[in-house]
Structure formats: C-alpha cells, structure tokens
Amino acid sequence: MEFSLQSSRLWEEVMEQTKVAKEKGIDPLLWALQVSSSVGTSGIALPSTELAQVLVNYICWDNNIPILWKFLDKALMMKIIPPLLVIALLSQRVMESIDATLHLSEIFGLQTTEPAILVVEFIFSIVWQLLDASLDDEGLLELTEEKVSRWAIKPQEMEIDGHDMYDEKNIAYRERLQNFNTTMAIEIIGQFLQNKVTSRILYLARRNMSSHWVSFIQSLQLLGANSAALKNSKVLTSEALLELTSDSRIFLSRECKTSSRKKFHAVMAFGSLASSVSLCPGASRSDLWLPLDMVLEDAMDGYLVNTTSAVEIITGLTKTLQAINGTNWHDTFLGLWIASLRLVQRERDPIEGPMPRLDTRLCMLLSIMTLVVADLIEEEEGAPTDETEYGSTNHWKEMKFPRKRRADLVSSLQVLGDYQDLLAPPKFVVSAANQAAAKAMLFVSGINIGSAYFEGVNIKDMPFTGNLRHLIIEACIARNLLDTSAYYWPGYVNGRINQLPYSVPAQAPGWSSFMKGAPLTSVMINALVSSPASSLAELEKIFEIAVNGSEDEKISAATILCGASLIRGWNIQEYTVQFITRLMSPPVPADFTGSDSHLIDYAPMLNVLIVGIASVDCVQIFSLHGLVPQLACSLMPICEVFGSCVPNLSWTLPSGEEISPHAVFSNAFALLLKLWRFNHPPIEHGVGDVPTVGSQLTPEYLLLVRNSHLLSSENTHKDRNKRRLSEVASSSSPEPVFLDSFPKLKVWYRQHQRCIAATLSGLVHGTTVHQTVDRLLNMMFRKINKGSQSITSVTSGSSSSSGAGIEDNSLKPELPAWDILEAVPYVVDAALTACAHGKLSPRELATGLKDLADFLPASLATIVSYFSAEVSRCVWKPVVMNGMDWPSPAANLSNVEEHIKKILAATGVDVPRLSAGGSSPATLPLPLAAFVSVTITYKIDKTSERFLNLAGPALESLAADCPWPCMPIVASLWTQKAKRWFDFLVFSASRTVFLHNSDAIVQLLKSCFTATLGLNIAPISSNGGVGALLGHGFGSHFCGGLSPVAPGILYLRVYRSIRDIVFITEEVVSLLMHSVREIACSGLPKQKLDKLKRSKNGMKYGQVSLAAAMTRVKLAASLAASLVWLSGGHGLVQSLIKETLPSWFISVHRSDRDQGSGLVAMLGGYALAYFTVLCGAFAWGVDSSSSASKRRPKILGSHMEFLASALDGKISLGCDGATWHAYVSGFVSLMVGCTPNWVLEVDVDVLRRLSKGLRQWHEEELALALLGIGGVGTMGAAAELIIEHFDS
C-alpha cells in the first residue's frame, strides 16, 4: 500500500520507537501504549490497517525475534491493529501455506495474493466447511449436486490424530458429542452471517464469487429444510437461517451518522421514488411513469418514423424505471397498462387531419404493450430452446415453469379492473370490446360456439358490455401470457347465461367459412377486409394464397392483409406486418427466364400492398413494430425497377383500375420518402460527436439498421423482438443491402442533396436532361406557348433552358420516371423564374406544377426539395396574398390568430400579432406561395391522401422556417380548403410560435415544470402530475371550442423542429434548480397540512413534509431527464454529463438568501443526482442489453473521474458545498442501488479514490457499498474498509 509523505514520517517514528524498545527490552504493553498515543495524536483512526502492514513488514522480513511477536500480540490486544488483516499479512509463507492447505486459488479461481482478498476467501471457506461438515454429519451431503465436499471435512482427510477403536460405553457419548458439535457448527454459521464484519465480508464473496455462492446457498437451503440438529437449536431457527442469506437482506445497508442526513437517505432509499410516494399524502403513483407517458405520446407524432421498434424502446425504458423507481413487477405491469390506457383516452375523440389517429394508439395498447410484457416475462423464464421456424402456429411456446413476473401480470390485470374511467372504450371499438366480453361470458356459461356466431350476429344488439380490459385480456391470451382462467376472475363477466340471445346463424361470409374452404368471392373478400383475422392460422392461409395463388387471388390476399387485420388485428398484428413486408420482396420464381426484373410480374399485387399501407396510421404501425428499415429495403428495388420502365406497360386490377409503371413507382417512391426526413438539410444540428436521430434518417442509415438485423448473436436469440426482426430481414434477402445496389435511386438522392445544399446548376444545352426539361415545360404550359413566346425561352439564374418546344404539346413524354425526376428541379426553377419575371401568372404556375404532379405524382417530392432549398436561400421576393394574383387568407386569418392564442393560453407565451391593425398585407416568399397554391388544388380523398401526407409535413416545415406569420397564413389558406381540418391546421400553426423565439421555448419548458409540479393555479394544472403535463390532447370537443393545449403536448410536437437543441440542456438544468427552490420554499398546500395535523399514523410532520418535498423534487428531475433525452437522445445526454454538469459545478452560483437555503442546496444536489442517473439510464439502459450501452463506459468514466478529482481536491468547485455533497452521495447511492452494472465499468482506481473521498465525509457505508459492487478489483479495498471500520 502506498502512503502519503505525512504518513511515511509517522511510520518512521513508530519504527524508531520499536527499535529502541527492542534493544532496551521495554515491556511490550508500555510499547503498545506509546505507539497508540503516537498514532492517535496524528489523527489516524484505530485500528489502523497501515500500522498493521508496517509492523508485519518490519517483523517478518527483517526482525523475526520473539520479543517483536510479543509487541505484535499487545498491539492486537489493545485493538490498535485489525486482527483479521494481521492474519493475512503475517508472511508470504503463511499465505502460501493457507492457500496450499485449503486450495483457495484453485477452488475460487482468483489468482491473487492480495491479503484482503485472501481474508474473504478464507472466511468464506471456513463457513462453507462448517456447512459441509454439518451436512455430512446429518447424512445430507449426498443430496447436494456435488455429492461430496470440496473441503477436507473428515478426520481421515485432515492432519489430526484419530481413534480407530471405541468401546461400547463411548459410542453413545460420541453420538451426543457429534450432535452437539453439529448444532454448534450450524449456530456458528449463523453467527458468521449475523456478525457485522463477517456478514459484510461474505457479501463480497456473494458479489464476486457468484457461482460458488449459488452452490453454497443451495447447500444451506438443504440444511435449513432438513436438519434435525437445527431443530434442536435454542438460538437459531430454520427460517432465521434462510432469512440471513435471502435476496431481501441487504448486507451493505446505508447507515448515516447524523439524524438529518439519515432522513434524507431514508427518503432517497437508493432512488426508490415508490418509497417516497408512499410517504407523501396526495402523491400519485402514476407519476412514477411520467417518462413512459411522454415516450408513448411522443411516438404518436405523425412526423416521427422510428427505425427502432417501440417494443425494444419501451422494454428498455420499463426495466430502467422499474430499477430506478424500486417498484415490484406487479406495480410495473400496472404502470404500463395505465400509461397505455391514458394514451388512448387522451385522444378518444381525435381531431381530423393528416395525423395518426386512434388506430395507432390502440396498436400501442393492445399489440406493442403485450409484446413488451411478453419480452419481460420471457426474459425471466428463459427463451425457448427449440425455437421453430417463423410462421409456425406453435411460435408462442408454452412455458413449463411460470415464475413471478407471470403471476404479477395476472395480479396487475385483476387490479386494472378498478380503473373504470380509463377502461371505457372509444366509440369505434365498443363492438370489439363487447364481443370480447361476450366470448368470456359464453365460455364461463359453458356454451361452446365458434367465431362464426359473432360473424353472423350484430354484436351491438347483444346484452354484453365490454371495456378495454377485455381487449387487453384477449391480446394476452393470444400471446400465451394468460389462459382462459382469466374469464373466471371476480367481476370480469357479469353473471352467466343459459342460452344464446340469438340462434346460431347460417354460414355467413367470414374467416370461419374461409377456413372451411369457402372461395374468395367478392363478398368473401369484402368480409375479410372489414373484419380482422382472429388467429395466426387464418393469416397464414391468406399469406399462402398471396404467394402461390393466381394473379387475382394474390391481389385479393394482399387487399385482405392490408385491411382490418392490419389496423385492428391487435392479437396478431405483429404477424400481419411481417407478412406484408415479406410480400413486398417476392422471391425470383424458379422458372423465371426474362431479362427484366421479376418484380414487374408482381406489379398489381405490389401496388395494392403499397397503397394499402400508405396511410399515416399504417406507416406508424410499421414504425412501432420496428419494420421501417426492412420496409425501406423492400421499397428501394421496387422504385429502382419501375422507375426505370418506359410507361408503355399497364395492368388492370380486378376493380377495373388501370395502373402504369409510373403509378407503381410514384406510390412506392412516395411511401419510401415518408420513412426519412427527405426535405431537411443533409447535415442537421449535432451534439458533440453524436448526431441527432433526425439527421440519421437517411437511406444509407435505414439500410444500415436493416443490415444489423441480419446479425445473429447470442443476444439476438435471447430477445424475441430481435429474433422476429432478424427473421423478417433474412426472408427478403439474407445478404446485406447497400445504396450502391440501386444506382438510379442513388443518382436522384445525390441530386436531391445538392439541390438542398447549393444553388441549382449543371444543366447543359443539348443533353438528354435539357431535352426532357423542354418537353416537360411544353407539356405544363402548352396553352401559353401556343399563344405567345414559349415559356422555355425564359432563362433563370440557375437554368439555361431555351428550347422552342415540340410541335405536339399534348403528347406527354414517354420516359422512365427516373429520367423525369432528374429534369424536374430545372423545370420548377424555370417556371418559378418565369413567374417572378411576370411571364407566368400565379394561377398558371400552380396549374402547370399540378399538371406535372398529375403526370408523375412522384415529381411532387422533387418539387418539395426544390422549394425547401429556395426558401432557405432567401433570394425570392415575397408576394402579396391579395386574392387576385394569389389566394387570400383574409377570410379567416383573424380567426386563426384567436385560436392560436387559445391553444397557447396555458403556456403564458405571447402570440405575435398577425398584422398591425389589419393594414399590413399578408405576404409569403414566392416558393412558399407557389407550393401552397399547388397543394390546395388537391382533392382531399384517398387517392390524393398519400401524396398530401408527403407534401403536408414538408409544407409545414417550409412555412415554419419562414418569418412569422407565414405558417398562420398557410393554415388560413388551407382551412378554406379543408374546413374539417381546421383544428389540426391551427394547432400546427401554433407550434411555429416557438420556432421563431427561443424565449418562447424557455417559457414553454417552464410551463411544463409548473404544470407537472402543480406550482401554479391554472385549472389545467391544479393537481399537477401526468394529467397536467399532457392534458387531454387537443381538439374542439371541449366546451364548444378549442381548449388550451397542455404544455407537454406542445413541447413534444415542437422540439424536433428546434435547430439549436444544445441550449435546451442548460435551460432544463436551470429550471430544475428553480423548481427545487419553489418546492422547498412553498412547502405543502394548506389543505394537505390540515390533513397532516389530523393524521393518526404517528408520522412526524417534518418527516412527511420532507418526504413530500423529495417526491416532488424527484418528479421534477424525472420530467427534466425526459425532456433532455427526448429532445436530443444520446448526444444531448453525452453533452450534459461531459460538459454541462461539470461546468455547472465549477461555476459560482448566487447563494439563496431565502429561508431554508440549506434545504434548497441539499435538495438541489439530490435533484441533480436523480436527474443525471435518469438521463444516463434512459440513454444507455441499466444493463448491457442495448447497443447504446457500449457508449456508457467512456462517458460515465469521464464523469466519475471528475467526481474523484473534485474529491481529491484537484478541481475547485463554485457550487454550494451542501449541493455538491448531496449530489455525490446521491449519485453514488443511485448507482449502487439501481445501476450496479455501471460500477463494474468504472476504473478501479477511480472507485478507490471516490471511496476515500466518501470516507472523509463519514460516508463509510456508502464507500463500502461502492467498493463492494466494483468487482474483484475493488474487493480487497472493500475488505480492508470492513476490517478497519467495523472491527471495533
């Protein structure tokens, strides 16, 4: 061990005293008194491990004489050195002898000579030998897994004298003595497990020798259950012995010196928010799951298409919150269901518009959540060992050994029935809920009927009333998480019936008749499209027809799969999306010999599939199931092939509709572009060395994620969700796919990037592209060209097109789609320039662009990218929206303004006036005016929907980037076109208020905190919590008009458009500390104080108010962490931990002079600790199962180094000392109690330094807990600390 210079001088003095005493023969007791005095006056705590090492080194290496051993004996007797450590330090020969005798290194596999580790091994071995000897005495040793002991426990195995002969008189005495010795040995084992020193040392063995500890515990449980000697013990019972080694017993518990700090640590409870909620009157347990509520609501944003499965995200988040909150699995599952139900109820009557509706929310509740629960249960019970190939009806394999999580799921669903308000079904699922209730009632009544009964009876006319819990139970039963015994739960069904309300109908078209062999007639197809499949077998039969049927049957099967089974087939939805994705990549037929791609032969079916999944809800459902990367990979070859076809082919669908390669391409291309933010700049804001999620959504990134699904590893096989994604990816192509495989798409994408990044250029006269530009312009403006100078003679600043046009302008160019798309930017540039120069009227411009989009709908994407780029360059003059040249928003602009103010009323944000006294004309930049004029020419129908869904977000993003009030003007124009979208359009316009003013964003964040914590008196947030933060969505279904939108909803719909996201971190930290001050200074509301005074539970007011304050502080920290994580992901969390927090602690902050500033400082430290750990846990997880966890060691290591350096005095801090103390102790406590895997990733030296700093604060228990879970590298230091601190 290394010593400081000051300590070295002291030990030199001790050695000099010892030499003098040895030479003069001084009495050993007098010598011990002198040494004790010298060490004690130097401020070193006794017993001293350093002194023990000095003495042993001095005696055993240089001065091995009798009197020095007497000195050592007196030092042990006076407890100035720890005896257990002295045993380990005596000499290398002694250590080698112990190891050679007991074979410790061989048995435990720890190749180390560190003395303190030897103490751990030695004590563990002694207890284990006593255990095996006791088992052997009682004839139980043969019942152990090893059958024999690894230790020398029999007399013939030991180097002791034995007696081979016993007379009869001694036999009975020997038996009594053996029984007595066995009982004593068991009682000694109990003492080892109870003693404050040895129990902690055994805890180190438990942490670092886990495989040996499991064997030890199994033997101990065997002894406890079967020992006759234990039953005779008067000091130890079987139950007490087993309790000493149970998981619930924490060996390294937090014990604090001062009463005030003890209160804080008791509330902190290693981060358990659940414990403090139980102490806080009026606190809601739903607040525990606030981050989950925010993540679920965030996933409902129609502009978010996630590459990661919601199952994976929510599973990781659930495990994180379960660990941090300290909840059991019953409460965890209940929290999942309640958060999902809140998600559904928040928009049970959604507004109309191109946004995800109730279908996506029900997908989250009934499909995604049940898959999350399935993953969590499988994680405990173990993955199937003989996983069958995908598609088997036995895919959900029954488990033979149900464990605690499955039982907790049952209890949580039983309790869920008490939440009747949350379980009320929205209107359009009432029929499905009633059918689920009817199914259960008929089952418990003993009436056995098939699904055909429900297909032929109007369920609305039947006397069954169901709710969302009935649908949840059916979803769980379908995935083998429950069985039909759930139907018998109390209150699940209301009584029984003796006979059917209606007779069993004749065979009606539906899934049951289809499974019996009925053909796919038009009536049958309509029935299967309108009702979801009820089993995987039904889907498999449809999929088989789609693969091997006739052309018409393939089209019909594709139509059925994209119908109700996709939208409302919650029990089998994960299979539906997989089947559709697989059909999008049909294999090459074995007899295919053509020179063109085999995909051309599948054009009708592919088009049906693409159109069938193009709606906003369908795209979100694929996104939630994690299939966006594979869907993109399937769409790319379709676009490549059909975009290269000359449109001289056509196919007629069974409906009579005729489609061309241009139609198939446009539909596929539009869907592909929805899967990434194609209209945004290629280089968006980044944080540190980690880009944001938004900037990663590129074609290359989507393929990269898809290719990662192909990787097969142990972790993949252990995770059901990853196995599923891997199977889908492998079924389409077992090899990685890259963008280079699609040269036409790559050329367009590079042109698209250049168009956004720089001014359009590169059109060369006489080239094929130039000729295409001329032909398209003549097609678009043929009427103008006939009557006057050709529009193509206008030369823009970036286009040199000057052709004279073709004779037959009515002839549309028969060109492949890729060739047309390459020319579109130059066409739009020429047209816009002509309009700016007065050669084209605004109406003619809009009509021409619409003609181009009608000719090739995919060209709308290139029009979008061009307009987006041109608006950002600010080179076009604004145009007046006067109602003559351009459409006028005046009819309802003031109405839009008033509604925006109403929506933002709860935030306190000022809405800028749309016009100064109504005299200023409404203006828009020319490209934006042209774009909105084109979009409002579209009809709002299913045919146009998929293209409006592409143009809509781009139009909003484009308008939001323009000066205020461009977006309200656009909204006003569109509300004249689509009056039923009024609420949606006004809400979209209200979001842009925050994008033009960073102060407004700060105010919005502040509103999130005040609403959540209930710090204001506004009705929307009077009670605080999740309800106040997220409210009830938005719409016109409140009080006859738009209601104020909850601040959390607003922020979740705004933050993705904030370019400078880095400042969010500092603002959130500032608001968190401000909230802590508000909480500490405001105390409890008066009505709650009155209740406390009348309470009879015996809890002191101070304890309750402290618990209440801590609960609200943790809620604030939970909100802060959620905001940071959602806003910037891993990059923002990294910036927070590596830059923002160290800077905050180093900076000097004004001291709070208000009363209770000490409380503020301490609460602030704990708030920051909770906030930091939550941010890290959200980003990296609490374990190592996610890929993001690979980033954790580096970032966490740098922060732990900062903490250790500050504790070492190498860094000067400017923050309050109490805040720093609370932060460090809170942060370490949370790591020890909630994220122990993190500690194993920290450098051993850093952990030792942190432990030393904590001991200087008299936080010995916390220092020991940190070292105790630090692995073998810190086990020796932990053992030394136990011996030094507790052996007194």
Side-chain angles (χ1 to χ4, degrees), residues 643-647 662 665-666 669 744-745 747-756 758-841 844-870 873 875-876 926-927 930-931 934:
S644 303
C645 288
V646 176
H662 277 184
F665 170 80
S666 293
F669 194 59
K744 296 287 188 180
L745 173 62
V747 168
W748 175 87
Y749 180 59
R750 298 304 180 217
Q751 182 193 46
H752 161 74
Q753 289 179 307
R754 289 193 301 270
C755 180
I756 291 180
T759 304
L760 189 65
S761 62
L763 183 62
V764 179
H765 181 76
T767 60
T768 303
V769 176
H770 177 267
Q771 295 172 1
T772 303
V773 170
D774 284 345
R775 295 176 68 182
L776 290 174
L777 286 171
N778 282 300
M779 177 195 73
M780 295 163 59
F781 307 112
R782 53 189 176 277
K783 295 180 181 179
I784 302 173
N785 291 339
K786 286 181 179 179
S788 61
Q789 183 184 17
S790 172
I791 189 65
T792 58
S793 64
V794 178
T795 302
S796 72
S798 56
S799 174
S800 58
S801 176
S802 58
I806 57 179
E807 293 182 2
D808 188 1
N809 291 318
S810 63
L811 182 65
K812 297 179 180 179
E814 295 287 328
L815 296 172
W818 288 121
D819 293 350
I820 296 172
L821 286 185
E822 187 177 6
V824 167
Y826 303 103
V827 171
V828 181
D829 183 65
L832 198 64
T833 302
C835 183
H837 292 169
K839 301 296 183 180
L840 273 180
S841 70
E844 291 166 341
L845 173 64
T847 302
L849 292 175
K850 181 61 165 56
D851 287 345
L852 174 61
D854 288 342
F855 168 61
L856 181 67
S859 62
L860 186 62
T862 302
I863 294 173
V864 166
S865 64
Y866 172 81
F867 282 148
S868 298
E870 292 304 308
R873 283 189 259 278
V875 297
W876 300 92
L926 176 59
F931 190 24
V934 171

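Being a predicted model, the structure only gives us computed values, none of them experimental. Each residue takes its place number in the sequence, starting with 1.
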Centre-to-centre under 6.0 Å for H662 and F855, is that the case here? yes

Evaluate T862 against W748 for side-chain contact (heavy atoms from CB on, under 4.5 Å), listing each step before the verdict. CA-CA 9 Å; T862 302; W748 175 87; 3.2 Å; yes

Could you check whether the rings of F931 and F867 sit parallel, tilted or perpendicular, using 30° and 60° as the cut-offs? tilted

Smallest heavy-atom separation, L840 atom then A831 atom, equals CD1-O, 3.6 Å

side-chain contact (heavy atoms from CB on, under 4.5 Å) between T833 and D829: does it pass, once the steps are laid out? CA-CA 6 Å; T833 302; D829 183 65; 4.2 Å; yes

OG (S666) and CG (D854) are apart, to the nearest 0.5 Å, by 10.5 Å

Can you name the nearest heavy-atom pair linking P927 to E870, along with the distance? CG-CB, 4.0 Å

Of V827, V824, L832, the residue whose pairing with Y866 passes side chain to side chain contact (heavy atoms under 4.5 Å, CB included): L832

OG1 of T847 to CG of L852, rounded to nearest 0.5 Å, is 12.5 Å

K850 atom NZ: more than 12 heavy-atom contacts under 6.0 Å: yes

Could you report the tightest heavy-atom contact between S859 and A853, atom names first, then the distance? OG-CA, 3.6 Å

Measure the spacing between CG of L821 and NZ of K744 and express it to the nearest 0.5 Å. 11.0 Å

To the nearest 0.5 angstrom, please state how far the NE2 atom of H770 sits from the CZ atom of R775. 13.5 Å

Distance-only side-chain donor-acceptor flag, R750 / Q753, under 3.5 Å: yes

Apply the test side-chain contact (heavy atoms from CB on, under 4.5 Å) to residues L776 and I820: give CA-CA distance (whole Å), side-chain angles for both, the deciding distance (0.1 Å), then the verdict. CA-CA 8 Å; L776 290 174; I820 296 172; 4.0 Å; yes

Yes or no on side-chain contact (heavy atoms from CB on, under 4.5 Å) for T772 and L815, after CA distance, side-chain angles and deciding distance? CA-CA 9 Å; T772 303; L815 296 172; 3.6 Å; yes

Verify whether the ring centers belonging to W818 and F669 lie closer than 6.0 Å. yes

Is the backbone N or O of E822 less than 3.5 Å from a side-chain atom of Q751, with the two atoms forming a donor-acceptor pair by type? yes

Nearest 0.5 Å, what's the CG-OG distance between L860 and S865? 10.0 Å

